[in-house]
Protein chains: 2
Amino acid sequence: MAGENKMYVEVLEAIQHLIHNDGLKKGDRLPSERELSDRLNVARSSVREALRALEVLELIETRRGGGTYISGVGGRRLVELIASFILKDEDAREDLKETRKIIEAEAVRLACRRSTKKDIEGIEENVIKYEKAIAAGEVPVEEDYTFHHLMVKTSHNNLLHHIWIPLVEYSKAAIKDSLDRSGRPRQALYEHREIVEAVKAGREEQAVNALTQHLDRSMF
Amino acid sequence: MAGENKMYVEVLEAIQHLIHNDGLKKGDRLPSERELSDRLNVARSSVREALRALEVLELIETRRGGGTYISGVGGRRLVELIASFILKDEDAREDLKETRKIIEAEAVRLACRRSTKKDIEGIEENVIKYEKAIAAGEVPVEEDYTFHHLMVKTSHNNLLHHIWIPLVEYSKAAIKDSLDRSGRPRQALYEHREIVEAVKAGREEQAVNALTQHLDRSMF
DNA sequence: CTTCACAATTGGTCAGACCAATTTTTCAAA
DNA sequence: TTTGAAAAATTGGTCTGACCAATTGTGAAG
C-alpha cells in the first residue's frame with residue numbers, strides 16, 4: 001500500500017502512526033507480531049526486523065510469551081553502539097576522556113542543585129564502604145565506580161546518566177590501573193569526601209572543580 | 001557457543017568484535033548475511049535482525065545485490081524515531097534540552113581553544129548565508145542548524161559531536177517554531193555573531209555564556 | 001582489449017514450522 | 001460461589017528453505 005521502501009521501514013512508520021493515532025504511551029502494549037504482519041500484509045520476519053530496530057534503541061521492550069510494550073526513552077544503547085564504532089583510534093580515546101569529564105562535571109553541577117537527602121545518604125554510605133575497603137587492604141574498584149555512578153544519578157537527568165554509562169564502561173580498565181598506584185585510593189577517598197561536602201552544601205564551582213581535578217588525577 | 005541472550009544481540013556483539021579484531025573501518029565490507037549466519041551458527045533471519053538494528057542507526061549501509069558496508073556515523077532516521085516516541089514524556093524532554101545545552105556549551109568552550117582558520121571561515125560563511133536568508137524574507141532554519149553544527153564540529157571532539165547530533169535532530173521542529181516568531185531570526189543572527197567573535201578571540205566564558213543564553217532564548 | 005550475455009553472489013521478502021514463556025480459559029474440588 | 005490447578009491459546013524467539021531483484025563476476029565472441 002504505502003511505498004517502495006524496504007518493508008521494515010514501512011512497518012516502522014506504521015507503528016509510529018499506530019502510536020500517534022491510538023495515543024499509545026509508555027507502558028502500553030503493541031499488537032502482537034502476528035497481528036501486525038497480518039494487518040500490514042507483510043511477513044512476520046519483516047515485522048520483527050522493525051521491532052528489533054526499535055528494541056535496540058530501547059524504545060520498546062519485549063517479553064517472551066507476554067507481548068511488546070512501549071518503554072521509556074532509551075539513549076543508552078544508542079551512544080554505546082555509536083561509541084563502539086568510533087572508538088578505534090587513539091584520538092577517539094582522548095575524546096572519550098574529555099567527554100566523560102564534561103558530562104560528569106556538569107552532572108555534579110546539577111547534583112549540587114538537586115540532591116535529595118536520600119541521594120546524599122547513598123553517597124555517604126558509599127564513602128564509608130570505600131573507607132572499609134581501604135582499611136581491609138582491598139583495591140576499591142567497585143566502590144569507586146559506584147561513587148561516580150551515584151553522583152551522576154544525583155543530577156536527576158536521566159539522559160545524561162544514560163550517556164555517561166557507556167563512556168565509563170570503556171575506561172573501567174583504566175580506573176583499576178589508576179587505583180593500583182600505591183596511595184592513590186586514600187587520595188581518591190579524600191577527594192571523594194571533598195566532592196560530597198561541596199555537593200551537600202550546594203557549592204557548585206567548588207564541586208565541579210574538585211571533580212575535574214579528581215578525574216584528571218584518576219584517569220589515564 | 002556464546003550465551004543465552006537473544007541471538008540477534010549475540011550477532012550484534014560478534015559483528016562489533018569482528019570490526020575491532022579485523023580492524024574494519026568506514027567503507028569496508030562486512031561478510032554476507034549467509035556467511036555470517038554460517039560462521040556464527042545462527043539462522044540468517046537472526047543475522048538480519050541484527051543488521052537491521054545497525055542499519056537504522058546508520059552504522060552500516062546495505063546495497064541490494066552488492067553487500068553490507070560500514071558507513072560513517074549518521075543519525076537522521078534514528079532521531080526521527082526517538083522523537084516520535086519521546087514527545088509524550090515531558091521529563092525526558094526537559095532532560096534532552098538540558099543535556100543539549102551542556103554538550104553544546106562545552107563544545108563551544110573547546111572551540112575557543114581549538115578553532116582553526118578554516119573553522120572560522122566556515123562559520124563566518126554561514127553567518128553571511130544567514131543574513132542573506134533573512135534579507136530574502138526566508139526563515140533560516142537550515143542555516144541555523146548549520147551554525148550550531150559547525151560550532152560543535154569546531155570543538156574537534158568527534159565523540160561529543162556524534163552525541164550532539166541526535167540530541168538536536170530531535171528538536172529541529174522546535175527550532176523552526178522558534179525562528180517563526182517575528183524578529184527572532186534577526187536576534188538569533190546577532191547572537192550568532194556575538195558567539196563567533198568570542199570564539200574567534202578565544203574568550204571562553206563569554207562564548208559559553210553567549211551560547212547558553214542564546215539556547216535559552218531559542219529553545220523555550 | 002573490449003563487449004556483452006550468462007552464471008553466481010547477495011540483500012529483500014515470504015511462508016511455515018517448532019520451541020519456550022506467559023496469559024487466558026476451563027472446570028472440578030472445596 | 002469461590003478457589004486453584006490443569007489445559008488451551010497466545011506470543012515472542014529461532015530455524016529452514018524458498019523465490020525475487022539487483023549487483024558483481026566470468027568467460028566467450030568480436
Side-chain angles (χ1 to χ4, degrees), chain A residues 1-15 18-19 22 24 26-72 74 77, chain B residues 1-16 18-19 22 24 26-72 74 77-78 81 85:
Chain A
M1 285 294 162
E4 69 298 306
N5 285 327
K6 298 177 190 173
M7 291 311 301
Y8 88 92
V9 175
E10 304 278 332
V11 177
L12 233 32
E13 289 166 358
I15 292 176
L18 206 157
I19 288 176
D22 296 11
L24 299 184
K26 181 173 169 179
D28 288 346
R29 185 172 169 177
L30 285 175
S32 73
E33 296 180 353
R34 288 173 176 85
E35 186 180 336
L36 279 174
S37 90
D38 217 50
R39 272 209 241 168
L40 305 174
N41 281 307
V42 298
R44 196 181 146 211
S45 59
S46 294
V47 172
R48 281 187 62 81
E49 288 181 6
L51 290 179
R52 254 13 76 204
L54 290 178
E55 190 180 59
V56 88
L57 294 178
E58 295 179 348
L59 294 175
I60 62 173
E61 187 187 334
T62 56
R63 300 172 205 157
R64 191 199 198 91
T68 303
Y69 298 81
I70 298 180
S71 67
R77 177 105 56 184
Chain B
M1 285 294 162
E4 69 298 307
N5 285 328
K6 297 177 190 172
M7 290 312 301
Y8 88 92
V9 175
E10 306 275 333
V11 176
L12 230 35
E13 288 166 359
I15 292 176
Q16 289 183 58
L18 206 157
I19 288 176
D22 297 11
L24 299 184
K26 179 176 170 177
D28 288 346
R29 185 173 169 176
L30 284 175
S32 73
E33 297 181 353
R34 288 173 177 84
E35 186 180 337
L36 279 175
S37 89
D38 217 49
R39 273 208 241 169
L40 305 175
N41 281 308
V42 297
R44 198 182 145 208
S45 57
S46 294
V47 172
R48 281 186 62 79
E49 288 181 5
L51 290 179
R52 251 16 74 205
L54 290 178
E55 191 180 59
V56 87
L57 291 175
E58 294 178 359
L59 293 174
I60 61 173
E61 188 186 334
T62 55
R63 300 171 204 157
R64 192 199 197 92
T68 304
Y69 297 81
I70 298 180
S71 66
R77 163 149 50 260
L78 150 66
L81 281 179
F85 276 69

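Keep in mind that what you see is a predicted model, and the values were worked out from it rather than measured. Chain letters run A, B, ... following the sequence lines, proteins first, then strands; residues in each count from 1.
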- Message: Base, sugar-phosphate or nothing for Arg63(B)? Non-hydrogen atoms, less than 4.0 Å.
- Response: sugar-phosphate
- Task: Would you kindly give the CZ-to-C1' distance between Arg64(B) and dT9(C), to the nearest whole Å?
- Result: 14 Å
- Note on the structure: Between CG of Asp38(B) and P of dT10(C) the distance, given in whole Å, is 12 Å
- Query: With the threshold set at 4.0 Å, does a side-chain nitrogen-carboxylate oxygen contact exist between Lys6(A) and Glu49(A)?
  - Reply: no
- Quick one: on DNA chain D, does Ser46(B) or Arg29(B) contact a more 5' nucleotide (nearest heavy atom)? Ser46(B)
- Item | Rounded distance (Å) that lies between atom P of dG11(C) and atom CE of Met7(A) | 20 Å
- Message: Expressed as a whole number of angstroms, how long is the span from Tyr69(A):OH to dT10(D):C1'?
- Response: 11 Å
- Salt bridge or not for Arg52(A) and Glu33(A), using N-O below 4.0 Å? yes
- Message: Is there, by distance only and without an angle test, a donor paired with an acceptor across the side chain of Arg48(A) and the base of dG12(D) below 3.5 Å?
- Response: no
- Length of the line joining Arg44(B):CZ and dG13(D):P, which is rounded to integer Å: 20 Å
- Task: Check whether any side-chain N or O of Arg29(B) sits under 3.5 Å from a backbone N or O of Gly66(B) as a donor-acceptor pair, and report yes or no.
- Result: yes
- Sugar-phosphate only, base, or nothing, as touched by Ser45(B) at under 4.0 Å among non-hydrogen atoms: base
- Roughly how many Å is it from CZ in Arg34(B) to P in dT9(C), rounded to a whole number? 10 Å
- Query: Taking CZ from Arg52(A) and C1' from dT13(C), how many angstroms apart are they, rounded to a whole number?
  - Reply: 17 Å
- Mind checking Thr62(A) for me? I need base, sugar-phosphate or nothing, with any heavy atom below 4.0 Å counting as a touch. sugar-phosphate
